[in-house]
Amino acid sequence: MTGSSPRVNAPKLPLKYPKSRRTEHLDTYQNKNGEVKILDAYNWLEQETQERSSWLDGTITAEQADLTQGFIEKFDYRENIKSELTKNWDFSRVRTSPREFPTQDPSAAASDLPRSQFSYPRLAKDGRWYWNYNSGLQAQYILYRSKTSELPKFDVDSEEGPEAQGEVFFNPNLLVEDGTAYLATSAFSKDGKYFAYGISLSGSDFFTIYVRESSKPFDSRPEGGFLNDPDRLPDIIRFVKFSTIVWTHDSKGFFYQRFPERAEHGSAAEDKAGTETTSDENAAIYYHVLGTDQSQDILVYRDDQNPSWLFGIGTSEPDGRFIELYISKDTSHKNKLYMAELGTDGDITSKVGNLKWHKIVDDWEGEYSVVSNHERKHFVITDKDAPRKKVVTFDMPEGDPTGNLAPIEFKEFIPEDKDGGILSSMSPVNGRAFVAQYSRNVCDELYVVSSTGQFNRLDPNFVGTLSAAPKQEDDFFFATFSGFNNPGVIKRFQFKEKNVDTFEGHTWTTWRQTRVKGLLADEFNTKQVWYKSRDGVDVPMFIIWHKDTLLNGTAPAIQYGYGGFSYTMRPFFSVSFLTFVKAFKGVLAVPGIRGGAEKGEQWHLDGIRENRVKVYDDFIYAAKYLVDNQYAAPGKIAINGGSNGGTLVAACINRAEPGTFGAAIADVGVMDLLKFPQFTIGAAWVSDYGDPRDPNDFDFIKAYSPLHNVPSFKEKALPPTILLTADHDDRVVPLHSFKHIATLQHEQHDNRNPMLLRVERKSGHGAGKSTEKAIQEATDKWSFVALVLNLPWKGE
């Protein structure tokens with residue numbers, strides 16, 4: 001019934017929590033004044049011991065699960081929420097690739113953040129068009145392709161899409177019965193004959209690469225499991241993580257990044273990767289020759305002196321003549337750039353193990369990414385001396401690099417935008433033209449750029465998020481347009497002539513659009529505001545509300561944030577958030593706080609290390625703005641964030657005045673900021689958080705580490721809080737949430753506000769989460785919020 005209140009509110013007496021053993025263990029650190037000893041009462045949860053296994057799989061976790069589920073199920077309209085989420089999630093959507101975020105990104109980010117539902121078709125060298133499609137409630141996207149070289153034609157306003165004219169090429173839903181295996185990355189060989197694909201089990205960042213001929217679709221479940229697929233090649237490439245698949249242009253093999261073998265992963269068929277906490281070290285780039293065993297793969301690059309460094313690799317298009325090597329020591333968006341000339345003649349396999357690297361950039365003073373090349377002239381995006389980025393060129397040196405030590409001369413091609421525009425991406429198209437994407441005031445702009453640097457903007461009135469990934473040899477490209485109330489529109493740009501970069505005579509047409517019947521665009525309003533943070537800095541924020549939401553200071557709100565690793569919170573379409581807003585006639589607020597890149601790289605740098613407290617103040621003052629301007633009711637703001645955003649949520653409830661927030665939902669957060677470098681890829685995050693092993697950093701890290709600043713109930717009553725984690729999360733390992741919930745329940749045991757833990761099984765940091773699991777998680781989150789905030793149901 002519309003307007004009905006929940007029958008059961010949050011309990012008036014404190015919950016009785018399961019007991020977790022506390023120890024007197026002390027860890028020793030160094031600060032500027034000498035030795036510091038810190039109590040870590042739950043350190044035993046860090047190591048693989050029998051006690052830890054019992055805690056994870058035995059009575060304590062079971063009690064935590066029963067406590068959480070029992071509490072959430074007290075909400076009278078929980079099934080209504082689930083029904084609405086399921087109905088709204090059931091809409092057809094497409095995207096180009098198995099991953100919309102790069103798999104080589106190791107930050108406490110990416111995979112769990114909101115992302116576009118919608119993208120464009122791609123033309124492979126086999127002459128077929130490929131696109132990923134989900135009819136609505138399927139666990140994973142299915143990779144479709146056209147039956148001919150013609151791009152399917154259909155009425156963009158009809159229910160029927162191109163799938164009726166296409167065929168299934170690869171269906172990940174057939175890999176395992178529960179839908180928890182997914183394509184982590186994939187790539188066609190340059191001749192289009194082979195398809196290499198990485199399969200991750202249960203959401204782990206680790207994946208295994210397999211290869212099949214593109215003439216043999218994966219459209220039926222093999223007897224005995226996907227490893228018994230008779231149509232795939234025998235190649236099995238294991239221990240791959242934070243990597244793309246980069247084929248050489250002879251289509252005989254590909255580059256990839258891997259880590260040393262781990263016995264604890266078992267066989268490729270076993271679902272064991274992702275449950276360990278082992279530090280990710282000694283990554284290396286290898287080259288795999290098709291048809292050979294992985295043990296014969298050729299080592300391309302490794303740095304034994306720097307075991308924590310990570311690498312990325314690329315080839316020049318369209319001829320593959322040059323190899324690009326990207327070297328990163330952490331997630332600071334600063335990298336070295338080495339290049340080698342592979343050539344186009346002779347046996348490439350014999351060359352890849354003895355490449356002569358020219359050190360184009362050999363310091364950590366900026367971010368460098370090669371866009372394209374015209375012969376030896378290379379185009380590079382960089383933020384060196386340009387926080388909002390620019391494009392420069394250089395000429396690739398010839399000969400042996402040991403005999404050519406002259407410094408590389410960079411020439412400016414496209415200067416940094418003086419009016420605040422941030423260059424997000426640039427890609428070659430139609431020979432010598434480019435497609436450039438800028439962000440201005442956290443909204444995207446799309447341009448076609450000539451070889452002489454002349455800009456022509458497309459859809460200048462659009463407000464939202466754009467994405468385009470053209471190819472240099474194509475005389476067309478597709479772009480997606482989406483936003484908070486726009487699930488996606490795909491448009492196609494067609495040049496008038498091949499390899500002629502003039503803007504004149506082009507066509508720009510809509511190819512596909514999608515609609516969510518239960519969440520219509522005109523039901524929601526979006527507004528961007530700027531508010532003052534604690535230190536007077538202006539911070540941007542998007543506010544989204546339902547047309548029936550009363551903006552008189554009585555509405556509930558979800559405030560979602562991230563604030564780290566130079567990630568920009570652009571407008572995104574979210575079934576989960578919009579369903580909450582509609583069902584409870586509430587508000588969604590998304591502030592672009594420091595630590596991100598909403599204003600460029602300087603905005604990121606203003607929120608790292610000792611400046612992290614500014615990130616938390618930005619988020620706290622966003623809530624103050626919502627209340628002061630009557631967008632939300634006092635005490636009715638539920639804050640939410642994932643990964644680094646989960647850290648944000650936990651830190652803010654520690655720091656904010658009582659009553660600032662009505663509820664807190666921290667997804668897969670980094671909670672122990674004194675120990676995070678010890679686990680999996682955590683050491684890469686010291687660029688944002690600081691390094692607790694460094695005496696110069698220790699004090700400011702401890703001052704905001706969520707685990708080490710949980711107040712006792714006598715000091716402050718924290719708001720109702722739920723932590724979400726997953727058993728296969730090998731990005732932010734679940735021990736962070738385990739230790740934190742034990743600490744919260746100990747320090748706040750007399751608080752009537754609940755402190756709860758939700759552990760997802762057979763899931764990781766967020767990537768590859770099945771539709772069913774996503775719906776169930778959203779159901780539990782919003783049931784928790786509605787219950788503790790005593791929200792009346794106003795949905796259908």
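All residue numbers in this chain count up from 1 along the given sequence.
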Engineer: With distance as the sole criterion, is a donor-acceptor pair present between the side chains of Arg570 and Ser424 under 3.5 Å?
Structural biologist: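 Short answer, yes.
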Engineer: Salt bridge or not for Asp538 and Lys532, using N-O below 4.0 Å?
Structural biologist: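 Judged by the 4.0 Å cut-off on N to carboxylate O distance, Asp538 and Lys532 do form a salt bridge.
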Engineer: Can you tell me if Lys716 uses its side chain to pair, donor with acceptor, with the backbone of Ala656 under 3.5 Å?
Structural biologist: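 Yes, Lys716 side chain to Ala656 backbone: donor-acceptor pair under 3.5 Å.
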Engineer: For the residue pair Glu657 and Thr660, confirm or rule out a side-chain donor-acceptor distance under 3.5 Å.
Structural biologist: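 The criterion, which ignores hydrogens and geometry beyond distance, is not satisfied for Thr660 and Glu657.
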Engineer: Does the side chain of Thr725 come under 3.5 Å of the side chain of His736 through a donor N or O and an acceptor N or O?
Structural biologist: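 There is no such pair (donor and acceptor under 3.5 Å, judged by atom type) between the side chains of Thr725 and His736.
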Engineer: Quick one: do the Tyr689 and Asn644 side chains pair a donor with an acceptor below 3.5 Å?
Structural biologist: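 On atom types as modelled, these side chains qualify, holding a pair under 3.5 Å.
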Engineer: How far does CE of Met755 sit from OG1 of Thr721, to the nearest 0.5 angstrom?
Structural biologist: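 It comes to 4.0 Å.
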Engineer: Answer yes or no for Lys781 and Phe784: cation-pi contact, defined as NZ/CZ to six-membered ring centre under 6.0 Å and angle to ring axis within 45°.
Structural biologist: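 No cation-pi geometry.
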Engineer: Ignoring hydrogens and geometry beyond distance, is a side-chain donor-acceptor pair present between Trp603 and Thr568 at under 3.5 Å?
Structural biologist: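 Note: Trp603 and Thr568 side chains miss the donor-acceptor criterion.
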Engineer: With a 4.5 Å cut-off on side-chain heavy atoms, are Leu578 and Ile544 touching?
Structural biologist: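 Heavy-atom side-chain distance check passes, below 4.5 Å.
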Engineer: May I ask you to test the Ile665-Val649 pair for a side-chain heavy-atom distance under 4.5 Å?
Structural biologist: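 They are not in contact (no side-chain heavy atoms under 4.5 Å apart), so the answer is no.
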Engineer: Out of Val581, Asn485, Asn88, which residue meets the side chain to side chain contact (heavy atoms under 4.5 Å, CB included) rule with Leu519?
Structural biologist: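 Among Val581, Asn485, Asn88, the one that satisfies the side chain to side chain contact (heavy atoms under 4.5 Å, CB included) with Leu519 is Asn88.
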Engineer: If you measure only the distance, is there a donor-acceptor pair under 3.5 Å linking the side chains of Thr465 and Ser482?
Structural biologist: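 Their side chains do not contain a donor-acceptor pair, so the 3.5 Å distance test is not met.
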Engineer: Looking at Phe481, does the NZ or CZ of Lys491 lie under 6.0 angstrom from its six-membered ring centre and within 45 degrees of the ring axis?
Structural biologist: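 Yes, cation above the ring, under 6.0 Å and within 45°.
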Engineer: For the residue pair Ser328 and Asn335, confirm or rule out a side-chain donor-acceptor distance under 3.5 Å.
Structural biologist: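 Not at all, the side chains of Ser328 and Asn335 share no donor-acceptor pair under 3.5 Å.
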Engineer: Strictly below 4.0 Å, N to O, side chains only: are Asp535 and Arg594 in salt-bridge contact?
Structural biologist: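 Looking at Arg594 together with Asp535, the answer is yes, because their closest N to O distance falls below 4.0 Å.
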Engineer: Determine, step by step, whether Glu777 and Lys769 satisfy the salt bridge (charged side-chain N to carboxylate O under 4.0 Å, His left out) criterion, reporting the C-alpha distance in whole Å, the side-chain angles of both residues, the deciding distance to 0.1 Å, and the verdict.
Structural biologist: CA-CA 10 Å; Glu777 179 182 286; Lys769 184 175 293 181; 2.6 Å; yes
Engineer: Heavy atoms, side chains only, cut-off 4.5 Å: are Phe524 and Trp545 in contact?
Structural biologist: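 With C-beta onward as the side chain, the pair stays apart.
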Engineer: NZ of Lys390 to NZ of Lys384: how many Å apart, nearest 0.5 Å?
Structural biologist: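 If we round to the nearest 0.5 Å, Lys390:NZ and Lys384:NZ are 7.5 Å apart.
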Engineer: Applying the side chain to side chain donor-acceptor pair (under 3.5 Å) criterion to Asn31, which one of Asn696, Asp699, Asp694 satisfies it?
Structural biologist: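 Testing each of Asn696, Asp699, Asp694 against Asn31, the sole residue satisfying side chain to side chain donor-acceptor pair (under 3.5 Å) is Asp699.
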Engineer: Salt-bridged, Asp548 to Lys585, with N to O below 4.0 Å?
Structural biologist: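 Here Asp548 does not pair with Lys585 in a salt bridge, since their nearest N and O are not under 4.0 Å apart.
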Engineer: Taking the side chain as every heavy atom from C-beta outward, state whether Phe455 and Phe434 have any atom pair closer than 4.5 Å.
Structural biologist: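 Counting from C-beta outward, Phe455 and Phe434 never come under 4.5 Å.
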Engineer: Hey, what do you get for CE (Met541) to CD (Glu598), rounding to the nearest 0.5 Å?
Structural biologist: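 These two atoms lie 12.5 Å from each other.
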Engineer: Does atom CZ (Arg457) have a neighbourhood of more than 12 heavy atoms from anything else shown, all under 6.0 Å?
Structural biologist: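 Yes, CZ of Arg457 has more than 12 neighbouring heavy atoms, counting only those of other groups under 6.0 Å.
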Engineer: Would you indicate whether the side-chain heavy atoms of Tyr438 and Leu466 approach each other to under 4.5 Å?
Structural biologist: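 No. Closest side-chain heavy atoms not under 4.5 Å.
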